[in-house]
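Residue numbers start from 1 in every chain, and the chains themselves are labelled A, B, ... in the order their sequence lines are given, proteins ahead of strands.
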Amino acid sequence: MQARREKLARLQELGIDAYPHHFERKHLAHDILTQYEQCDGKEVTIAGRLMALRKMGKAAFAHLEDSSGRIQIYVRKDDIAESEFEAFKLCDIGDIVGVTGTVLKTRTGEITVQAKAFALLTKNLRPIPIVKEKIEGDQKIVYDAFADKEMRYRQRYLDLIVNPEVREVFIKRTKVINSMREYLTGRGFLEVETPILQPLYGGATARPFTTHHNTLDMTLYMRIANELYLKRLIVGGYDGVFEFAKDFRNEGMDRFHNPEFTMMEVYVAYQDYHYMMDLVEEMFGKIAMDVHGSYKITYQGQEIDLSPPWPRVPLLEAIEKETGHDLYGKNLDELRAIADELKISTDPTWGEGKIIDEIFGELVEPKLIQPVFITDHPLSLSPLAKKHRDKPGLVERFEPFIAGKEMGNAFTELNDPIDQRERFMAQVALKERGDDEAQPLDEDFLRALEYGMPPTAGLGVGMDRLIMLMTDQYSIRDVLLYPQMRPEQY
RNA sequence: GAGGGUAUAGCUCAGCUGGUAGAGCAGCGGCCUUUUAAGCCGUUGGUCGAAGGUUCGAUUCCUUCUACCCUCACCA
């Protein structure tokens, strides 16, 4: 760093501005590389960061990387102005430069821009990690990869500078979101925005973050979901609404959980969960096509085929198939005995639904690699879902599973205000028993239902997990630009 | 919350059963006008994550702390 500051001083002595205001870039590296035939011999103007430098006295080769890719430049003393060559001699890897020159192929066949004019655009004062690459046939061998995870997450800008594949992941992230937005908008649904700061949280079972509004002098909660607000909009008369929502949950963190994460929720009037399953498999298929050009993707070495339709398996059938036990209609004692037999440890405070969920989570969920809809969950676990039309004790709900992970949650929405009040009361009872994740009663939401919500299908999709799947990333931190970290100590 | 792992030069990493640190790349100086992990010659560089302890002596052994990673628990 010291050396770079000295270079900066020398540049100033030479009257060279190390931080000019503007540069008229006209071409991108990628375009030159892919359209070499048209570019050969022509003049181009490119700009980017120096990522490799091979100086040879009065000439040098370097690699310049812009947003589109990396291209070699060739700088000869005789080809550019003397002051420009002086500036070039003071350049380091990491500097941002602009080059005007002619496109040619070198003796070794690499497409190169031979500089006729050179400008330093931004002097780098802090050395970037040097990653060396060697191309051997089609194989790119990387030496000394910048891989320190802590540094990559804390200094994401460095990660992005040095690791092009990381840049690619976040481009795909946006593609996934755009593709989904396009799909939902194409269906005629209305994208809306609902409050993040809420006086009452709801719509999911989770502990919220709490904050305080000074002027109103009241507690506000960061939303854990936006479900209840979106359903109020269906009451209001919209046929379909959706939102890409940052939600916040004050819970543990691991490779699938970050305290703030993105959920897409959509609600459609006059539809039920069967419609929503159709929608999910079609929408996920479109996203895979838009991002990969195929229904077949690879996640962590597993081949996954998203071609619709996907199997639809009731949760209890899935358990029976795996364990041989039919849990439908079983009482608490019977369920506990079966759990013991299956060597699933249970907690004495758990109800029937929780035990069933636990058995499913332990024995079935990890095996659901190919896309599947698991349907018809126990009522006690789903306080916002409508009762099943044929199966007492269950609700019309489904969760899509891919690669052993739940990708979302959906139901035929509960629109009976009296039933909804009873479900809320059950939650309140749980809360009083000490379950700090149970949902509070939302009197205004009940009032809205009393005005009448049409039959409605609703869906929530965990976007970060979907993006992990679509970008083949192992950890949620690798699909979040700024994953939550403890403060760095200086 | 429990257990395990990691922390050494700007980056990637060595460093045995205790004797105050080493390589490659980067950097700096020199040579070099088609190189590509450029090359050749020379050279700088470190509070060994932090604080204590044991010891004549600690990067190494012990304790505590901090951060990150992994597994489990909690949780979607």
Is there a donor N/O on one and an acceptor N/O on the other, under 3.5 Å, for the side chain of A/D144 and the base of B/G24?
yes
Given B/C74, B/C28, B/U33, which nucleotide is nearest the side-chain atoms of A/K58?
B/U33
Per A/D148 side chain, nearest of listed nucleotides B/U12, B/G27, B/U34
B/U12
Just name whichever nucleotide pairs with B/G39, Watson-Crick or G-U, keeping both distances under 3.5 Å, else none.
B/C31
Rounded to whole angstroms, how far apart are CZ on A/F256 and P on B/C74?
16 Å
How are the rings of A/F61 and A/Y74 set relative to one another: parallel (under 30°), tilted (30 to 60°) or perpendicular (over 60°)?
parallel
Just to be sure I understand the rule, does A/A52 reach a base, reach only the sugar-phosphate, or reach nothing, if contact means heavy atoms closer than 4.0 Å?
nothing
Would you measure the distance from the P atom in B/G19 across to the matching atom in B/G57 and give it in whole Å?
14 Å
Which nucleotide in the set B/C11, B/U33, B/C75 lies at the smallest distance from any side-chain heavy atom of A/A59?
B/U33
Which nucleotide in the set B/C75, B/A26, B/A67 lies at the smallest distance from any side-chain heavy atom of A/E437?
B/C75
CZ of A/F146 versus C1' of B/C25: gap in Å, rounded?
15 Å
Classify A/A147 by what it touches in the nucleic acid, base, sugar-phosphate, or nothing, heavy-atom distance under 4.0 Å.
sugar-phosphate
Cation over ring, A/K246 on A/F261, under 6.0 Å and within 45°?
no
Reckon A/K132 has a side-chain N or O less than 4.0 Å from the OP1 or OP2 of B/A26?
yes
Expressed in angstrom and rounded to an integer, what is the separation of A/M253 atom CE from B/C68 atom P?
8 Å
Between B/A26, B/C75, B/U34, which one does the side chain of A/E251 approach most closely?
B/C75
Do A/R76 and B/U33 share a donor-acceptor pair, side chain to base, under 3.5 Å?
yes
Where does the angle between the aromatic ring planes of A/F88 and A/F85 fall among parallel (under 30°), tilted (30 to 60°) and perpendicular (over 60°)?
tilted
Would you mind telling me which of B/C28, B/U35, B/U71 lies closest to the side-chain atoms of A/T106?
B/U35
Without decimals, in angstroms, what is the distance between A/F248 CZ and B/C75 P?
22 Å
Describe the nucleic acid contact of A/K55 in one word from base, sugar-phosphate, nothing, applying a heavy-atom distance below 4.0 Å.
base
Could you say whether A/L104 or A/M151 is positioned toward the 5' end of RNA chain B, judged by the nucleotide with the nearest heavy atom to each?
A/M151
Closest to the A/M56 side chain, choosing from B/C32, B/G29, B/C70:
B/C32
Could you tell me whether A/Y474 contacts a base, only the sugar-phosphate backbone, or nothing, with contacts defined as non-hydrogen atoms closer than 4.0 Å?
sugar-phosphate
Taking atom P in both B/G15 and B/G22, what distance in whole Å separates the two?
15 Å
Has A/E165 got more than 12 heavy atoms of other residues, nucleotides or ligands less than 6.0 Å from its CD?
yes
Can you tell me, in whole Å, how much space there is between the C1' of B/A23 and that of B/U35?
25 Å
Picking from B/C70, B/C28, B/C68, which would you name as closest to the side chain of A/K7?
B/C28
I'd like the P distance from B/A26 over to B/C40, given in whole Å.
11 Å
Using the side-chain heavy atoms of A/R154, tell me which of these nucleotides is nearest: B/A67, B/U35, B/C28.
B/A67
Atom CE of A/M51 to atom C1' of B/A26: distance rounded to whole Å?
13 Å
When you check the phosphate oxygens OP1 and OP2 of B/G39, does a side-chain N or O of A/R54 lie under 4.0 Å from one of them?
no
Tell me which nucleotide, if any, is Watson-Crick or G-U wobble paired with B/G3 when both distances must be under 3.5 Å.
B/C70
Below 3.5 Å, does any donor atom in the side chain of A/E110 face an acceptor in the base of B/U34, or the other way round?
no
On RNA chain B, check which nucleotide each of A/Q72 and A/A145 is closest to and give me the residue with the more 5' one.
A/A145
Ranking B/C69, B/A37, B/G27 by distance to the side chain of A/Y143, first place goes to B/A37
Spacing of the P atoms in B/C25 and B/G39 (rounded, Å)
7 Å
Between A/F398 and A/F373 (judged by ring centroids, cut-off 6.0 Å), do the two rings come close enough to count as a pair?
yes
What contact category does A/N409 fall into here, base, sugar-phosphate, or nothing, at under 4.0 angstrom with non-hydrogen atoms?
nothing
A/Y474 six-ring centre to A/R255 NZ/CZ under 6.0 Å and within 45° of normal
yes
Centroid-centroid distance, A/F360 to A/F401, less than 6.0 Å
yes
Taking only side-chain N and O atoms of A/R477, does any of them lie within less than 4.0 angstrom of OP1 or OP2 on B/C69?
yes
Are A/R397 and A/E399 close enough for a salt bridge, meaning some N to O gap below 4.0 Å?
yes
What's the CG-P distance between A/D254 and B/C69, to the nearest Å?
11 Å
Taking B/G30 as the reference, what is the distance to B/U66 when you measure between their C1' atoms (whole Å, please)?
45 Å
How far does the P atom of B/U17 sit from the matching atom of B/U12, given to the nearest Å?
26 Å
Distance test, side-chain N/O of A/K134 to OP1/OP2 of B/A38, below 4.0 Å:
no
Phosphate OP1/OP2 of B/C75: any A/K354 side-chain N/O under 4.0 Å:
yes
Full working for side chain to side chain donor-acceptor pair (under 3.5 Å) between A/Y36 and A/D31
CA-CA 8 Å; A/Y36 170 70; A/D31 297 337; over 6 Å; no
Once you round it to whole Å, what is the distance between P of B/G10 and CZ of A/R4?
13 Å
For atom P, what is the distance between B/G49 and B/A14, given to the nearest Å?
14 Å
Here the distance between atom P of B/C74 and atom CD of A/E362, to the nearest Å, is 8 Å
Hey, does A/A206 reach any base, or is it just sugar-phosphate, or nothing, if we go heavy atoms under 4.0 Å?
sugar-phosphate
